[in-house]
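A quick write-up on the structure given underneath.
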Amino acid sequence: MAQAEVSIKPTELQGGHGHPDKWKWYDYFTFNVDHKVIGIQYLVTSFLFYLVGGFMAVLMRTELATPDSDFLSPDLYNAFLTNHGTIMIFLWIVPAAIGGFGNYLIPLMIGARDMAFPKLNAIAFWLNPPAGALLAASFFFGGGAQAGWTSYPPLSEITANLPQTLWCAALVMVGTSSILGSVNFLVTIWKMRVPSMKWDQMPLFCWAMVATSILALFATPVLAAALILLIFDINFGTSFFKPDAGGNVVVYQHLFWFYSHPAVYLMILPIFGIMSEVIPVHARKPIFGYKAIAYSSLTICLVGLFVWVHHMFTSGTAPWMRIFFTISTLIVAVPTGVKIFSWVATLWGGKIRYTTAMLFAVGLLSMFVFGGLSGVTLGAAPFDIHVHDTYYVVGHFHYVLFGGSVFGIYSGIYHWFPKMTGRMLNEPLGKVHFVLTFIGTILTFTPMHSLGMQGMPRRVAMYDPQFADLNQLVTIGSYVLAVSVIPFYINVIWSWMAGKEAGPNPWNAMTMEWTTDSPPMIENWEVLPVLTHGPYEYGMDKADQVGPAGEPVATTRP
Amino acid sequence: MKQIPAPFWTLVLGIAVTLISLWVGQNHNLLPIQASEQAPLVDDLFDVMVTIGTALFIVVQGAIIYSMVRFRQRKGDETDGLPIEGNLPLEAFWTAIPSIIVVGLGLYSVVVFQEMGGFSPGGHHGHGTMVAMAPQQSVIDVAPLLAQVGEGESADVYSRTQVYGFGASPLMQLNQPDVTVNVTGMQYAWIFNYPDTGIIDGELHVPVGKDVQLLIEAKDVIHSFWVPQFRLKQDALPGEPAELRFVATREGTYPVVCAELCGAYHGGMRTQVIVHSPEEYADWVASRVAEASSTTAVAQTLASPTSAEYLAAIAPDLATSPVQIAQMNHAQMDHGLSGVSMDR
Ligand code: HEM
Ligand SMILES: [Cu+2]
Ligand SMILES: [Cu+2]
């Protein structure tokens with residue numbers, strides 16, 4: 001990536017003439033095959049599900065404001081617990097991070113007109129709304145699944161059978177969607193890059209999506225298998241997981257976690273990709289250690305397939321397994337650390353813009369350091385045995401999922417909203433959103449670690465009164481988080497309708513999506529761009545900070 | 001990078017970070033009191049991780065905050081930052097250091113795990129073990145019978161079933177446990193069954209300083225037996241026996257918590273473990289045996305007592321449906337346990 005000159009060569013940039021019409025609003029409600037429409041469909045639906053999942057969380061926290069079970073019935077509490085987790089993972093973070101950003105950005109970043117299999121792509125999206133409907137139905141036909149998002153048998157086989165079956169069906173659908181999407185991403189990235197783009201000129205988000213897709217392809221079928229066996233056990237009298245009829249309950253856990261540990265990386269790898277895009281642009285510096293970041297995604301993907309038993313250290317797990325998976329889990333921390341250090345090094349020596357996108361990215365960095373460190377402690381089996389299935393684990397995974405994935409989605413929205421809609425989000429409102437979210441996250445999820453170590457198990461609707469004080473603090477924090485989304489949703493709705501015009505490249509960024517209109521025309525470019533520089537060559541040419549001669553696009557402010 | 005501070009300041013900062021981390025590692029006060037021989041082992045491991053974690057946390061957060069302040073965009077400056085694309089020695093450094101740390105932690109974990117008895121669950125010396133293998137049989141009668149069966153037979157039982165959890169610590173490997181208790185989890189209560197004496201109770205009583213072996217199983221769904229002050233947890237799995245072996249080191253009353261979601265009243269599935277002095281324990285056993293002799297008739301006629309029957313035998317006048325049990329537990333924890341000091 002030595003040549004510094006930018007000369008992306010789209011012939012028709014000033015837009016307007018000659019390209020097909022824009023989509024109308026109602027096109028977004030149809031079976032549309034344009035990757036940008038699909039991306040926005042994913043994002044909008046997932047942001048709606050986010051509200052539903054968040055609503056359940058607030059109700060649960062209200063119950064937990066006092067030690068007694070006095071607000072929700074315990075069954076309803078468990079139904080909310082189960083569906084909160086399920087929705088947040090399968091209908092919020094996964095579809096937003098993978099389906100939303102992946103679909104919207106990948107073709108634009110690699111200079112393709114669409115995904116490799118547009119119809120498949122639309123089918124993958126349209127599997128999601130019915131999955132949500134199945135979960136909703138599960139509440140009307142028997143009060144919702146109540147066995148946790150992990151749905152361990154035998155509990156899941158003897159509690160709320162019909163809702164549990166609907167729950168399994170919903171997950172099989174989103175799993176199928178995820179498989180279809182992954183095939184699409186891999187083929188698109190492999191085959192459809194503009195010819196001028198070499199592998200090491202590909203934006204790091206695309207590398208992250210390669211790793212994500214490989215992981216999803218290996219792991220998701222195993223989840224589907226587990227769930228289908230569960231459906232059979234519940235409804236058709238088989239006994240795969242029924243101990244009194246020769247079945248084995250631990251086998252389910254292996255199948256489940258063989259998918260669900262990689263699933264946690266499905267939720268963070270795309271976010272890592274977003275980080276690698278946002279930070280260089282707003283720090284005005286090349287990404288530090290391109291290769292290290294790209295390969296560490298692949299390393300995480302590989303090692304991440306061999307750590308799942310760390311979720312089962314206290315289960316029916318043989319001693320050698322506890323040791324093997326302790327070591328493998330600790331090893332994952334190394335490539336994760338490499339990424340963190342590389343981003344910090346990218347900040348170092350930059351000219352950091354305090355945009356909301358950047359604040360969320362740096363906030364994520366800060367949160368993730370803590371979540372990663374608590375993850376390492378959990379990886380060590382002797383300590384995990386004490387805190388497994390306690391609030392310590394709840395604290396850990398919210399630090400990485402809320403402080404990590406959700407912060408990353410926010411950051412990505414503030415960064416690419418101008419591209420998606422042609423309008424800027426309101427920055428002051430964005431900063432209010434950031435401050436509330438940051439404070440709320442710390443208040444809500446930090447005390448949980450202490451609660452868990454002191455003796456509070458997770459997934460309880462009632463608890464020992466000695467834990468009341470910290471729980472109240474957590475509940476207050478969760479209300480702060482609930483309030484924090486208000487400025488965000490107002491900002492999005494208002495800016496989408498009436499925000500400041502963004503122009504093609506409001507951040508002066510160098511990746512290819514910024515070379516076309518905002519929002520891009522239907523086939524992205526009239527003539528495909530040619531790439532002659534890497535994605536992050538900021539500050540390479542001191543003589544010409546405003547952009548290479550003759551090319552008004554890639555590095556010029558509008 | 002000209003911003004790298006002078007070596008002197010690096011040294012000062014390094015020492016400061018080290019001292020702070022060491023201090024935090026020793027004084028975080030995050031864990032409850034230690035009441036088993038395993039607890040200090042686990043806590044030492046955690047302290048080491050907190051120490052290293054604090055150091056990394058301060059360094060990384062410090063670098064983030066420093067960059068955000070020092071390298072913020074100044075007014076009117078629209079230029080880009082330094083075009084640094086990487087630095088191989090630096091990258092090798094921050095790959096190598098964490099690698100060394102995690103390998104070290106891994107080895108340390110193995111050592112702790114071994115000292116905790118992690119490599120020997122199901123070691124075939126506990127006579128009660130076979131009771132757990134044969135839960136269908138009358139618990140009270142069978143234990144002494146099986147204890148007389150030769151070692152060869154018991155090894156046979158073992159070759160058929162894998163036992164999970166923690167066994168004897170390396171030093172105790174050859175000893176018989178002093179006390180064996182069969183622990184059964186069910187929605188939403190723990191049943192503690194002492195095969196040697198026939199005592200059945202809803203609370204766990206153990207003598208301090210003695211080698212105690214719990215054989216843990218579940219009747220209905222998965223539960224998880226956890227005593228935070230012992231730092232020990234083991235899932236109670238239907239159909240998969242597990243063992244927890246420990247020496248309680250401190251007299252007192254500690255919570256026994258179910259840690260695995262087991263249904264609506266999972267949060268209420270709590271009881272306590274009472275660590276007695278040896279004399280107190282002997283008294284407790286004697287009083288319970290005397291009490292039990294009046295109810296033995298009932299217990300012995302039950303070939304396979306169900307959980308409800310267990311409870312009925314202990315407290316015939318108490319409610320026995322799961323929900324009622326839960327409410328009973330619940331009431332107990334509101335009015336009983338909240339009164340009990342958790343000894344932290
Ligand atoms: C340094 C990296 C990480 C390490 C070493 C690590 C380690 C662990 C371990 C050992 C557990 C099991 C704890 C237990 O149940 O006892 C766990 C739980 C969990 N982790 Fe992480 N983790 C890391 C990063 C992440 C990331 C990036 C995510 C997702 C964005 C994540 C999400 C979760 C979730 C969701 C659970 C709980 C699942 C459940 O039981 O419901 N972790 N982590
Ligand atoms: Cu995991
Ligand atoms: Cu439970």
Check your understanding: Going through the checks in order, is the side chain to side chain contact (heavy atoms under 4.5 Å, CB included) test met by A:Lys291 and B:Leu88?
Key -> CA-CA 11 Å; A:Lys291 288 219 164 90; B:Leu88 212 54; over 6 Å; no
Check your understanding: Between B:Glu91 and chain A, which part of the residue has a heavy atom less than 4.5 Å away: side chain, backbone, both or neither?
Key -> side chain
Point to revise | Trace of the side chain to side chain contact (heavy atoms under 4.5 Å, CB included) decision for A:Val376 with B:Ile52 | key: CA-CA 11 Å; A:Val376 171; B:Ile52 298 172; over 6 Å; no
Exercise for review: Go through the atoms of A:Tyr392 and report whether side chain, backbone, both or neither lie under 4.5 Å from a heavy atom of chain B.
Suggested key: side chain
Review point. Do the side chain of B:Glu85 and the main chain of A:Ile287 share a donor and acceptor less than 3.5 angstrom apart?
Key: no
Exercise for review: Please state whether the rings of A:Phe288 and B:Trp94 are parallel, tilted or perpendicular, taking 30° and 60° as the class boundaries.
Suggested key: tilted
Point to revise | Closest approach of B:Pro228 to A:Gly455 (non-hydrogen atoms, all atoms of both residues) | key: CG-CA, 3.7 Å
**Study point:** Smallest separation among heavy atoms of B:Ala264 and A:Pro74, with atom names
**Key:** O-CB, 3.4 Å
Revision key, fill the gap. Here the gap from B:Leu105 atom CG to A:Thr329 atom OG1, rounded to the nearest 0.5 Å, amounts to 12.5 Å
Check your understanding: Which value, rounded to the nearest 0.5 Å, describes the distance between B:Met49 atom CE and A:Leu373 atom CG?
Key -> 10.5 Å
Check your understanding: Judged by atom type as modelled, is there a donor-acceptor pair below 3.5 Å linking the side chain of A:Asn78 to the main-chain atoms of B:Gly263?
Key -> yes
Check your understanding: With only heavy atoms counted, which part of B:Gln61 is less than 4.5 Å from chain A, the side chain, the backbone, both or neither?
Key -> side chain
Check your understanding: Does any heavy atom of chain A fall under 4.5 Å from the side chain of B:Asp43, the backbone, both, or neither of them?
Key -> neither
Review point. Roughly how far apart are B:Leu56 CG and A:Phe341 CZ, rounded to 0.5 Å?
Key: 6.0 Å
Point to revise | When B:Ser224, B:Cys258, B:Gly165 are compared by non-hydrogen pairs under 4.5 Å with chain A, the top option | key: B:Gly165
Review point. Is it the side chain or the backbone of B:Val69 that comes within 4.5 Å of chain A heavy atoms, both, or neither?
Key: backbone
**Study point:** Interface moiety of B:Val257 toward chain A, non-hydrogen atoms closer than 4.5 Å
**Key:** side chain
Check your understanding: Closest heavy-atom contact between A:Thr390 and B:Lys233?
Key -> CG2-NZ, 3.9 Å
Review point. Taking B:Tyr265 for the side chain and A:Met462 for the main chain, is one N or O donor matched with an acceptor at less than 3.5 Å?
Key: no
Exercise for review: First locate atom CD1 of A:Ile385, then atom CE of B:Met116, and finally report the distance between them rounded to the nearest 0.5 Å.
Suggested key: 5.5 Å
Exercise for review: Name the region of B:Leu31, side chain, backbone, both or neither, that has any atom closer than 4.5 Å to a heavy atom of chain A.
Suggested key: both
Practice item. Grab the two heavy atoms, one from A:Gln454 and one from B:Leu30, that are nearest each other, plus how far apart they are. Key: NE2-O, 2.9 Å
